[in-house]
Amino acid sequence: MIQTVRGTFDILPDEVPRWRLLEETARTVFRCYGYREIRTPIFERTALFARSVGEETDIVAKEMYTFTDRGGECLSLRPESTASVVRAYIQHRMWTWGSVVKLFYLGPHFRYERPQKGRFRQFHQIGAEAIGQNDDPAIDAELIEMVEEYLDRLGVAERELFINSVGCSRCRPAYVRHLKDALSGVLSRLCEDCQRRYETNPLRILDCKVEDDQPFIERAPALLDHLCEACAAHFEALRRHLEERGIAYQVARRLVRGLDYYTRTAFEITSARLGAQNAIAGGGRYDGLSELLGGPPAKGIGFALGVERLLLALPEDAAVTDDAPDLYIAYLGEAARQEAFRVARRLRRAGLVVIYDFQERKLRRLMAQADRMKARYALLIGEDELAAGRYTLRDMRTGEQEVLSEEALVRRLMTSRELSASGRR
RNA sequence: GCGAGCAUAGCUCAACCCGGUCAGAGCACUUGACUGUGGAUCAAGGGGUUGCGGGUUCAAAUCCCGCUGCUCGCCCCA
């Protein structure tokens, strides 16, 4: 039997409401902050990700789904979306849209990783980007506020917000040299991974969780103490803005970002309810990315949020299936069956959710099924009803029944406040 | 790429340690008790080559080896 491929999964009807809740809440909240939805292709030229995310990162070096199409183009399924959004910003000359363009996206992304809790090969991200000439720290603070508001509205508890600054192209290289100098003496006493990172990505050493390495890392110089004046001022301003907005945060001096394009503001939101992969959202500034991709100078900040992880942190009762039928039609006999189809069609056109069984069954079974499906009403069409030209409508909650003409039935259902036609649609 | 654990009915699991008792329960599904009226109860039924392949043995779901898959952790990241 052919099954879903490793690291992918079906989202079955019972789970879909939870997904929709996340998506719809994102659209609602982000819209309030002036962010507009953008949908970029699911695959792009490989070069886009190689250049932006970084050739040496794990994502590009060993996690992308890369293939050559029939025309010989080297393409990759998107491992993230910031690169695509910035590409779109450049391609569509969005700087003419205004000084800061605010965009958000949501959808599947792909990385060839070893699956584990909260980590899959096809995974979903919700993210937003603010791109333009302006790099006011208030933009950073507003974006963070928006993420917090979103998580609040979903009821995601036990969260923590960490912020840091990773500097810019002026101050970071000097700091990295500083860091390497400071660690060179104790390099042999660090874990294997850190020895490797020392060469490939020294900043990552700050992120190491190995117990024995901690004393050395604690003593190493911190990025925050080596920012250039402009970056330091930017970070201080961000802190002030967050405080003015009443957003609780912790400065995580060792927080770094995995992708090469990040500058200055870096932040991460974790949830204690998650497990080993406890980062629920992460983001930061990427002021050089547009130019790196051949576009005009532009500043940018964004974040991405892992939907599968968010789902793990979401309260149990966050969403319920809302596809229970308004009306279950129980018919008895062939003539009643045709009548049932006709009535169902009329009510469905009016927006009601109407269900019936295609198979002849005993009335008892039909009622049991209506109950199981949580139908609000049941409509009985049998010999008596056909003869009288009136139907029996049963309120499944109270058990009360009334006999109604078709017109009275339609009027009755259409004015019922709790049904689909007048309510949620 | 590395490490550990698990794999029995559609789902949740029992039997595995100390091989032999037709491979079982609950939920779900179908039917009946109940001639046109649901949630309860009782009964019956369908459904499994015990992940796959090999080995040991008179005998393997049970012990051994290989493979595959899944889960969790490392790495990395959202």
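Within every chain, numbering begins at 1; the chains are lettered A, B, ... in the order of the sequence lines, protein sequences first and strands thereafter. Because only heavy atoms are used, hydrogens play no part in the values below, and waters and symmetry mates are left out as well, while side chains stay in.
A close approach under 4.0 Å does not occur between any side-chain nitrogen or oxygen of A/Arg397 and OP1 or OP2 of B/rG38. Phosphate contact (OP1/OP2 of B/rG38, side-chain N/O of A/Arg364, threshold under 4.0 Å): present. Contact between the side-chain N/O atoms of A/Arg372 and the OP1/OP2 oxygens of B/rC29 is found at a separation under 4.0 Å. Between B/rG73 and A/Gln116, a contact under 4.0 Å exists linking OP1 or OP2 to a side-chain N or O. Distances shown here put every side-chain N or O of A/Arg309 at or beyond 4.0 Å from the OP1 or OP2 atom of B/rC77. Side-chain N/O atoms of A/Lys374 include none lying less than 4.0 angstrom from OP1 or OP2 on B/rG38.
Looking at A/Arg394, its side chain comes within 3.5 Å of the base of B/rG38 through a donor and an acceptor atom. On a pure distance criterion of 3.5 Å, a polar donor-acceptor pair joins the side chain of A/Arg119 and the base of B/rC75.
For the C1' atom pair drawn from B/rG47 and B/rC6, the interatomic distance equals 25 Å after rounding to whole Å. Taking atom C1' in both B/rA23 and B/rG69, the straight-line distance is 23 Å, to the nearest Å. Taking atom C1' on both B/rA33 and B/rA40, the two are 14 Å apart, rounded to the nearest angstrom.
The nearest heavy atom of RNA chain B to A/Leu363 and to A/Ala279 marks one nucleotide each, and the one closer to the 5' end goes with A/Leu363.
Within the shown strands, nothing qualifies as a pairing partner of B/rG36 under the Watson-Crick or G-U definition with both distances less than 3.5 Å.
The backbone N or O of A/Cys191 sits less than 3.5 Å from a side-chain atom of A/Asp213, completing a donor-acceptor pair.
Within the nucleic acid shown, A/Gly127 has no heavy atom closer than 4.0 Å to any nucleic acid atom.
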